[in-house]
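Only one structure is covered here, and it is reproduced in the block below.
Every value quoted in this text rests on a predicted model; they were computed, and no experiment measured them. First the proteins, then the strands, lettered A, B, ... as listed; each starts at 1.
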Protein chains: 2
Amino acid sequence: MSKENVSIGLSAAIVAVEGERPSVLVVAHQGKDDALPFGPFDPAQQRTLESGLRKWVGEQTRFDLGYTEQLYTFGDKGRHSAGGHGSSTRVVSVGYLALTRQGKEAPETEWRSWYHYFPWEDWRDSKPAMIESAILPALKKFVKDAPNAETAELRRERLNVCFGEGWDEERVLERYELLYEAGLVEEFWRDSGKANKGASLGTAMLFDHRRILATAIARLRGKLKYRPVVFELMAPTFTLLELQRTVEALAGLRLHKQNFRRLVAEQGLVEGTGKFSAPARGRPAELFRFRRDVLRERPAPGLRLGVRRSKAS
Amino acid sequence: MSKENVSIGLSAAIVAVEGERPSVLVVAHQGKDDALPFGPFDPAQQRTLESGLRKWVGEQTRFDLGYTEQLYTFGDKGRHSAGGHGSSTRVVSVGYLALTRQGKEAPETEWRSWYHYFPWEDWRDSKPAMIESAILPALKKFVKDAPNAETAELRRERLNVCFGEGWDEERVLERYELLYEAGLVEEFWRDSGKANKGASLGTAMLFDHRRILATAIARLRGKLKYRPVVFELMAPTFTLLELQRTVEALAGLRLHKQNFRRLVAEQGLVEGTGKFSAPARGRPAELFRFRRDVLRERPAPGLRLGVRRSKAS
DNA sequence: ACATATATACTCGAAATGAGTATTATGCCG
DNA sequence: CGGCATAATACTCATTTCGAGTATATATGT
């Protein structure tokens, strides 16, 4: 067994939603790719991985993490390099998801829409044009270029699952990984040390941070439906439309307004405060607050979405 | 930063179902607690964490893993000790779930029902008596013994979510963690180095392996419902009742037979082979096989369960 | 007063769900 | 051979949930 060291890296995708924009806190390492707040795990100082994470994030962003959740541990050789050249110690990278309300960020950090990094994931207005114009042609070529028939069939299946009939908004990571392997994403060329001659989709991130962010979005989109996590992102009181817009921002989909409020109300996730918002135009909306009690009452208090399949709401 | 080393441990909960018994492959370290197959990650030799895992498992169990999935990375200080005394290097432990069909095991390894380790999780016959007789009284005491009112309230909520009204079969890990903190599980006393004067529930495992197994069961029970993972555990052809018994074994619940077959059939998860089983008594059942095509056709081809809420089927 | 913009309430059909009953195909036992 | 026990499979039915609308209420600005 040759002596190569391992070190553990901790990274956090810190998510907030402001208005209709789902954003992630990135560290602007000047000139370099955007990065998630990250740092090495120090086993001597930290009792748990999560406390290590909180320390790093606190130092880099002055943010006090609220809800956090471990995502995944990545250890692939070559996917944690900044420029394709191997470093001496191997980094195993543990990714976290954290939810907060957007506050003022520290210097060197910035909130950016996560759709900067994943423009094909935002279906709120319509199916992103780039899917038909750029992604599908390139992926079809990727299928055609397969070294053998078996690989071609596998690639065809993945294409279909990721971008075919029936958009499954949770498959964010699968889609990113497919685009990576097909060389449609800058990181692929950087990690392999070759020059990219084609298009790159979305904005690249440092190391494997875009992969971690994809995992975070996928997890959050899934979890929405069976745990009341959205409320971590809301102000103490909010209107039902604000809640809906937040969910839509995260899911990248439009929901049916009347049904959404029915679901939310019926499920007892929320209770009225008797106070009302003062909107610029239109009827004022009642302000609601999250009912903490549901946690005690029901086993899986998620937010069934009530997706809209037709025109307007 | 003081120099304490980190090493990465890989462990696998390898699951199979034989008849009505959901089992996990354990290594019988003679005299010591049961352990999952595990070993350190060697960054020099292995390109990915998963390949490292496959190597270890192959050596220890001669098993060729089929479906595998990463579960969680545990790094808590003190929860990876065999006897409560700290070792010099810190172990961060990455747990995996693997699904196979039960074959002949290697020497030193053994298939054991996972309900040995989690007897309170098997509700197939009825609610396990130990919940009323042992768990609830002890947990109520745990609530009462809280150092302050706030902690007591938190503990009361957790008790309710884990063992209160409305059994949620997926909360396996939450329940185990609660029992751990309440000192109802042997590992708690071992990790803290104190002597246990009360009862211990279930069979203890080495290190944090029971925690990993709890994570595995929870994940599998959840995943069942939205990905066709059960079929990894089935023979190439099977009757619908065999499929149902397998799902029941995993979920720890009884299902409604007629509705189960309706769901499975309607969803196109399965196709008839035209052949029939030869049972000891009763009408022969048609043998079915898994339809690989669903993966292409539908976004989330899970097995909605069709739980039974009343008497017999 | 009315046009416009929202919020909120209510309706309706289609599908999914939970729980049964009914019918069919075996082996076995006298 | 006829009837029973045992399972498999088919069909029924009421209830709930879902998706999609229409209708009504309450603001503001002109």
Side-chain angles (χ1 to χ4, degrees), chain A residues 19-20 166-167 169 225-226 237-245 247-248 251 253-288 298 300-313, chain B residues 19-20 166-167 225-226 237-245 247-248 251 253-288 298-313:
Chain A
E20 307 234 351
W167 180 256
E169 80 279 1
K225 293 166 193 153
Y226 60 95
T237 73
F238 46 84
T239 69
L240 293 181
L241 188 59
E242 283 163 3
L243 182 63
Q244 182 183 340
R245 293 286 178 246
V247 173
E248 288 174 339
L253 293 172
R254 285 288 168 207
L255 307 179
H256 184 283
K257 185 168 169 177
Q258 295 92 324
N259 290 345
F260 180 81
R261 69 168 28 255
R262 175 176 64 184
L263 286 180
V264 172
E266 271 175 6
Q267 294 191 123
L269 284 169
V270 116
E271 65 191 355
T273 61
K275 300 188 176 174
F276 289 81
S277 69
R281 14 171 230 284
R283 173 174 168 176
E286 184 165 10
L287 292 168
F288 289 80
R298 303 196 311 115
L303 246 191
R304 280 165 288 151
L305 297 191
V307 186
R308 190 157 48 70
R309 305 198 199 287
S310 67
K311 45 169 194 170
S313 56
Chain B
E20 305 235 351
W167 181 255
K225 293 166 193 152
Y226 59 94
T237 73
F238 47 83
T239 69
L240 293 182
L241 188 59
E242 283 163 3
L243 182 63
Q244 184 184 337
R245 292 288 177 245
V247 173
E248 288 174 339
L253 293 172
R254 286 287 168 208
L255 308 180
H256 185 283
K257 186 167 166 177
Q258 296 92 324
N259 290 345
F260 179 82
R261 68 166 35 252
R262 175 175 65 185
L263 286 180
V264 173
E266 271 176 5
Q267 293 191 126
L269 284 170
V270 117
E271 65 191 352
T273 62
K275 299 186 178 176
F276 288 81
S277 70
R281 4 169 239 283
R283 174 173 169 177
E286 185 167 8
L287 293 168
F288 288 80
R298 302 197 310 114
L303 249 190
R304 281 164 287 152
L305 298 191
V307 186
R308 189 159 49 70
R309 304 198 201 286
S310 68
K311 44 167 193 172
S313 56

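Contact between the side-chain N/O atoms of Arg281(A) and the OP1/OP2 oxygens of dA27(D) is not found at any separation under 4.0 Å. Proximity of Lys257(B) to the phosphate of dA8(D): a side-chain N or O atom is located under 4.0 Å from OP1 or OP2.
Checking side-chain atoms of Glu266(A) against main-chain N and O of Leu263(A) turns up no donor-acceptor pair under 3.5 Å. Side-chain atoms of Gln244(B) come within 3.5 Å of backbone atoms of Leu255(B) as a donor-acceptor pair (strictly under, hydrogens ignored).
In this structure, of dA7(C), dT9(D), dT17(C), it is dT9(D) that holds the atom nearest to the side chain of Gln258(B). Checked against dA7(C), dC13(D), dT9(D), the side chain of Ala285(A) finds its nearest nucleotide in dA7(C). You'll find that the side chain of Arg261(B) is closest to dA8(D), out of dT6(C), dA8(D), dT17(C). When distances are taken from the side chain of Arg262(A) to each of dG18(C), dT11(C), dA8(D), the shortest belongs to dT11(C).
dC12(C) atom C1' lies 12 Å from atom CG of Asn259(A), rounded to whole Å. In this structure, Leu287(B) places its CG atom 15 Å from C1' of dT26(C), rounding to the nearest Å. Between the CZ atom of Arg245(A) and the C1' atom of dT6(C) there is a distance of 11 Å, given to the nearest Å. The separation between Phe276(B) atom CZ and dA25(C) atom C1' is 10 Å, rounded to whole Å. If you take CG of Leu240(A) and C1' of dT8(C), they are 9 Å apart, rounded to a whole angstrom. Whole-Å rounding puts the Glu286(A) CD to dA7(C) C1' distance at 11 Å. Rounded to an integer number of Å, the gap from NE2 of His256(B) to C1' of dC13(D) is 12 Å. The nearest whole Å value for the distance from the CG atom in Leu263(B) to the C1' atom in dA19(C) is 13 Å.
Looking at every heavy atom in both residues, Ser277(A) comes nearest to Pro284(A) through O-CB, 3.0 Å.
The base of dA7(D) does not come close enough to the side chain of Arg283(B) for any donor and acceptor atom to sit less than 3.5 Å apart.
Contact check on Glu286(A) versus Arg261(A) returns no salt bridge, with no Lys/Arg side-chain nitrogen under 4.0 Å from an Asp/Glu carboxylate oxygen.
In this structure the side chain of Arg254(B) reaches within 4.5 angstrom of the side chain of Arg245(B), judged on heavy atoms.
The residue Ala280(A) sits close only to the backbone: its heavy atoms come under 4.0 Å of sugar-phosphate atoms, none of a base.
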